[in-house]
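We count ligands from 1, going down the list as the structure has it; atoms in each ligand are counted the same way. None of these values were measured; they are calculated from a predicted model.
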Amino acid sequence: MATTAALKIDDKDYPLPVIVGTENEKAIDVRNLRAQTGFITLDDGYGNTGACTSDITFIDGDAGILRYRGYPIEQLAEQSGFVETAYLIINGHLPTPTERRKFGDLLREHSPVHSAMGHLFEGFPIGSHPMAILSALLNSLGCYYPHLATNKVQEDLANFDEAAAVAISKVRTIAAMSYRKSRGLPYIYPKRNLPYCENFLHMMFSQPYEDYVPTPEVTQALNLFLLLHADHEQNCSTSTVRMVASSGANLFASVAAGVCALWGPLHGGANQAVIEMLESIHAEGDDGSKFIESARAGKNGHRLMGFGHRVYKNYDPRAKIIKASFEKALASLHIKDDPLLAIARRLEEVALKDDYFLSRKLYPNVDFYSGLIMRALGIPQNMFTVMFAIGRMPGWIAHWKEVASNPKNKINRPRQIYVGPTVRNYVPIAQRG
Ligand code: CMC
């Protein structure tokens, strides 16, 4: 395999180094391109651009492979849990029993939020989107833990384990509190004896007079949902976290920015968009056929939400796993006659045989099923993307650490090709027509 590639500009050859990853992924190293040639590369959407090297997650989109730190997602989904997988993603190895216990203790210790944070919730108007609240409150953690958010990278790294535990544990408490606030319900405090997922469901659904006790299938479905979302290499929100981290910003500021990037319907918002799509199809009395037709024609910007992926061009391995768990959770919750489910099944059946979708390699992604799972678990629609954020937190944290601990870190600063007006002279307002 060649170790250099050749670029020819105006008959002059420029050798460019070739970089090969451990899974044989190849890149042409253009780090010195501008200095050497005066040219930059243009790749809006970054579909052909490697922004970094990373040893956290490997994806082969064509083969439908996803691995965290080398472990296949299928094995982790079958044998691990969200908290252990979070440890793996952040620290690079599966925890020993002692490491696992210490990590669990740290998460337990940090599950409550500072009582003053309750006042922050009160400042938001009723009906505020919980993603806005989540982002604001995660960022505010730096005010409550100033020793973890100094914006001096070496100092922040020295207390990294604590900061990571604060972020993973409190994201779930803040999420549940933002839900309770949106419903006008009293906050339910975490219980020390409950595992991560059970504690979250307790804070969401218990009442002061009655504890909510989920079935094992419900807890398992939530655990799996979080695990499957725990990292996905250089997606929009993770790249945002890395971008912010590259400036030396603290962990909480960086993950708060990740929440904002995740909010959009083309990224984390897709699971909510799937349910909204199903509801509107149902309201129009369509069984899905008319919608497929309009998505195929690109009419009114219609897209089949939950289908397609920038990276997976075969199938999304997470979608396969979550679909199987979804069927189990539905059976345990005795859900049979949900009209939205029938529409989803019909859309999937039709799209998987349709030339338009097949020729563009558009297959169901994880969000096609995850919205339906959360709906079945009783999670309200505007909390779906928040659930994704809870799941993605370990990935964001691991990427923040990768950037912060890289001695060769450079602030991320892409360039552009300017296509606006060339120089022109200022005209005083009285002389403007
Ligand atoms: N429904 C109908 N047509 C589609 C869809 C869709 N869901 N997705 C892509 N296309 C068409 C698109 O119109 C284009 O057609 P043409 O070549 O005729 O112009 C072609 O497929 C390629 O589309 P693209 O927008 O260039 O593809 P992309 O790689 O930039 O977009 C995507 C990836 C996920 C943004 C897109 O497939 C999409 O909008 N899907 C629906 C939203 C969704 O489910 N998002 C969740 C992604 S998974 C969660 C995550 O990891 O963040």
List of N/O pairs, ligand 1 versus protein, all under 3.5 Å?
residue  : atom   : partner : partner atom : Å
ligand 1 : 1 (N)  : Leu304  : N            : 2.9
ligand 1 : 3 (N)  : Tyr356  : OH           : 2.9
ligand 1 : 7 (N)  : Leu304  : O            : 2.8
ligand 1 : 7 (N)  : Phe307  : O            : 3.0
ligand 1 : 13 (O) : Arg303  : NH2          : 3.4
ligand 1 : 15 (O) : Arg360  : NE           : 3.3
ligand 1 : 18 (O) : Arg360  : NE           : 3.1
ligand 1 : 18 (O) : Arg360  : NH2          : 3.0
ligand 1 : 25 (O) : Arg303  : NH1          : 3.2
ligand 1 : 25 (O) : Arg303  : NH2          : 3.0
ligand 1 : 29 (O) : Arg310  : NE           : 2.9
ligand 1 : 30 (O) : Arg310  : NE           : 3.4
ligand 1 : 30 (O) : Arg310  : NH2          : 2.9
ligand 1 : 39 (O) : Arg303  : NH1          : 2.8
ligand 1 : 40 (N) : Phe307  : O            : 2.9
ligand 1 : 44 (O) : Gly306  : N            : 2.8
ligand 1 : 44 (O) : Asn365  : ND2          : 3.0
ligand 1 : 45 (N) : Leu266  : O            : 3.4
ligand 1 : 51 (O) : His309  : NE2          : 3.1
ligand 1 : 52 (O) : His267  : ND1          : 2.6

Contact list for residues 14-60, test ring-ring contact (aromatic ring centres under 6.0 Å, His included), sequence neighbours left out: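 Listed once each, the pairs would be none.
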Distance-minimising heavy-atom pair for Ser178 and Ile133: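 Closest heavy-atom pair between Ser178 and Ile133: CB-CG2, 3.9 Å.
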Ring-face cation contact, Tyr179 with Arg183, 6.0 Å cut, 45° max: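 No; the conditions do not both hold, so Arg183 does not lie above the ring face of Tyr179.
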Side-chain donor/acceptor of Glu402 to backbone N/O of Asp55, under 3.5 Å: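 It does hold such a pair.
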Backbone of Ile281 reached by a side-chain donor or acceptor of Asp286 within 3.5 Å: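 Side chain of Asp286 to backbone of Ile281: no pair is present.
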Carboxylate-amine/guanidinium contact Arg108 Asp105, below 4.0 Å: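 So Arg108 pairs with Asp105 through a salt bridge.
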